[in-house]
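A short worksheet on the structure shown next.
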Protein chains: 2
Amino acid sequence: MSRRRSPGRPGRDSEDLRCTLIDAALTCYTREGVAATSIKAIAAEAGVTPALLHYYFGSRDQLRQAVIDDRILPLIQAVQEKVHGAGEDVAALIGAFMDAMNAAVTANPWWPALWVREVLCEGGALREVLIEKVGRTFLQAFVQRFAAAQQRGELNGALDPRLLLVSLLGLTLFPAAGAAVWRKLLDADDLGPAEQQKHTAALLERGLELRHGL
Amino acid sequence: MSRRRSPGRPGRDSEDLRCTLIDAALTCYTREGVAATSIKAIAAEAGVTPALLHYYFGSRDQLRQAVIDDRILPLIQAVQEKVHGAGEDVAALIGAFMDAMNAAVTANPWWPALWVREVLCEGGALREVLIEKVGRTFLQAFVQRFAAAQQRGELNGALDPRLLLVSLLGLTLFPAAGAAVWRKLLDADDLGPAEQQKHTAALLERGLELRHGL
DNA sequence: CAGAAATTTAATTAATTTTTAAATTAATTA
DNA sequence: TAATTAATTTAAAAATTAATTAAATTTCTG
């Protein structure tokens, strides 16, 4: 945070400030939402002046675009690639997706909250980007493979193949986005990604196993 | 939206304007987030002047509180009561919860997006309200009943009882919050609450039924 | 018809934010 | 080592915007 310094060019031990600034922007976006975040707030978060953000990015909009280009798109691409590398089998596909999501979330804790806020919600700042850039093809590839697997009897036929990926997102992104809330409500500091992962896998593999049915 | 009229007291056909104003506030909160919503924006949404909002509610904060008291708390209470009315059986409990959520979401389409934004996310405006007012007891009651059911062998023992309600929320609120996105991505206007409900029930009851396991 | 109620117009106040320009210091280069 | 360039801050300007208040307007009610 506050790293107040005097004016003038910094010494050669300069950390990568651009990176720090983008981190600060992500923190603010996550905490307040993209729409409600001013460059003043980002500057405060980074312990720097608004003028510097101008120097680096030009304007508020360009800064937002930089955050998208530098952080968000690569993240999605990483997930896409891991999934792409999975073989023919649906189980492998789903497993790869869940693993990729868990890895992405663990490495980028800001991601889930930002996602639910700015992609899921009407008026979200990342909606267009994601939907047009990656969403459609990504989602539809899954839908087709799910449907094919159902026909081969390798996947619960009562599921709607179009909704399954949505369910998987709901079981990964949603719990991760609320992690702080759950931990507080449950007084459970030990409740980490590992427990979450195990629980979700159990639910997906076997369902609730109710004796009487819903 | 715009219902421009001249100054002065309106005719006696007056709809319940207070209600309209609160609706407009909800719309803006949902679209832009509570923090980023000005009373000016709400006034525009309702086709009314900012001064009128003052006349009705006193201030921006009081308006927010009115939205919470008039709309959000009753909604949660309704869910709570329906769940409370469910019998001993876990299956009945879970079924009642899912039904109550689906009903609440169908009747109040703004609810899921507002929830993920303002409860789930750090800095959300409804976080404290919900967590302190209803969250803890509600959640813990579920946890205990889940754990008891597991001991009786009536519920998949590999699940984490603390995380199951989170999963259920992730399978209801999350898909509902993104409904517009999914529909657009899938070119599926027919994809409504009924399909969603059926799909989720199938997933919960039987899991994925993969041949090879995850 | 008189007074109260519901609205808008218009003005005030206040704050805030983005952006620009100038000043300062350190590094690099010739 | 002097001159230039780069990275920062300070300070100020410019623009926008928001919340709130006061006054004016119209319609209803008694």
Side-chain angles (χ1 to χ4, degrees), chain A residues 1-29 31-68 70 123 125, chain B residues 1-29 31-68 70 123 125:
Chain A
M1 303 226 174
S2 90
R3 10 162 283 140
R4 179 153 295 291
R5 34 183 335 329
S6 47
R9 184 172 180 159
R12 85 177 70 73
D13 57 333
S14 60
E15 347 105 55
D16 185 353
L17 185 49
R18 183 191 160 88
C19 189
T20 304
L21 297 180
I22 290 193
D23 280 341
L26 272 173
T27 301
C28 292
Y29 288 169
R31 187 168 51 218
E32 305 171 30
V34 173
T37 296
S38 64
I39 76 173
K40 194 189 177 194
I42 298 170
E45 175 69 28
V48 118
T49 61
L52 188 64
L53 286 167
H54 251 263
Y55 181 72
Y56 270 75
F57 301 101
S59 77
R60 189 186 133 128
D61 279 354
Q62 284 170 282
L63 165 54
R64 205 192 72 230
Q65 194 56 49
V67 173
I68 293 174
D70 279 29
Chain B
M1 305 228 172
S2 93
R3 9 162 284 138
R4 176 153 299 290
R5 35 182 337 325
S6 47
R9 184 170 180 163
R12 89 178 67 73
D13 57 333
S14 60
E15 346 104 55
D16 185 353
L17 185 49
R18 183 190 159 88
C19 190
T20 304
L21 297 181
I22 291 193
D23 280 340
L26 271 173
T27 301
C28 292
Y29 288 170
R31 187 169 50 220
E32 304 170 31
V34 173
T37 296
S38 64
I39 75 171
K40 194 188 175 194
I42 298 170
E45 175 70 26
V48 119
T49 62
L52 188 65
L53 286 166
H54 250 262
Y55 181 72
Y56 270 75
F57 301 100
S59 78
R60 189 187 135 130
D61 278 354
Q62 284 171 281
L63 166 54
R64 205 192 72 231
Q65 195 56 49
V67 174
I68 292 174
D70 280 28

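Source: prediction; values computed, not measured.
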Query raised in the report: How long is the line joining OH of A/Y56 and P of C/dT18, in whole Å?
Result: 19 Å
Query raised in the report: How many Å lie between CD1 on B/I42 and C1' on D/dA19, as a whole number?
Result: 12 Å
Report summary line: Here the distance between atom C1' of D/dA7 and atom CG of A/D16, to the nearest Å, is 14 Å
Requested in this report: Determine which nucleotide pairs with C/dA30, using a 3.5 Å limit on both distances of a Watson-Crick or G-U wobble pair.
Outcome: D/dT1
Requested in this report: Would you indicate which nucleotide in D/dA7, D/dT21, D/dT9 comes nearest to any side-chain atom of A/T49?
Outcome: D/dT9
Query raised in the report: So which heavy atom on A/A36 is nearest to which on B/A36, and how close?
Result: CB-CB, 3.9 Å
Query raised in the report: SG of A/C28 to NZ of A/K40: how many Å apart, nearest 0.5 Å?
Result: 12.5 Å
**Report entry** Protein-nucleotide distance (A/L17, atom CG; D/dA6, atom P), rounded to Å
**Finding:** 17 Å
Query raised in the report: For A/L53 and A/A43, which heavy atoms make the closest approach, and how far apart are they?
Result: CD1-N, 3.6 Å
Requested in this report: Using Watson-Crick or G-U wobble geometry with both distances below 3.5 Å, tell me the partner of C/dA10, or none.
Outcome: D/dT21
Query raised in the report: To the nearest Å, how far apart are A/K40 NZ and D/dT17 C1'?
Result: 14 Å
Query raised in the report: What nucleotide among C/dT18, C/dT8, D/dA19 has an atom nearest to a side-chain atom of B/I39?
Result: D/dA19
Query raised in the report: Using a cut-off of 4.0 Å on non-hydrogen atoms, how would the nucleic acid contact of B/Y55 be classed: base, sugar-phosphate, or nothing?
Result: base
Query raised in the report: Backbone N or O of B/F57 within a donor-acceptor pair of the B/R18 side chain at under 3.5 Å?
Result: no
Query raised in the report: Over how many whole Å does the gap from A/L53 atom CG to D/dT8 atom C1' extend?
Result: 12 Å
Query - Protein-nucleotide distance (A/H54, atom NE2; D/dA14, atom P), rounded to Å - result: 16 Å
Requested in this report: Using atom CG of B/L52 as one end and atom P of D/dA19 as the other, report the distance to the nearest whole Å.
Outcome: 15 Å
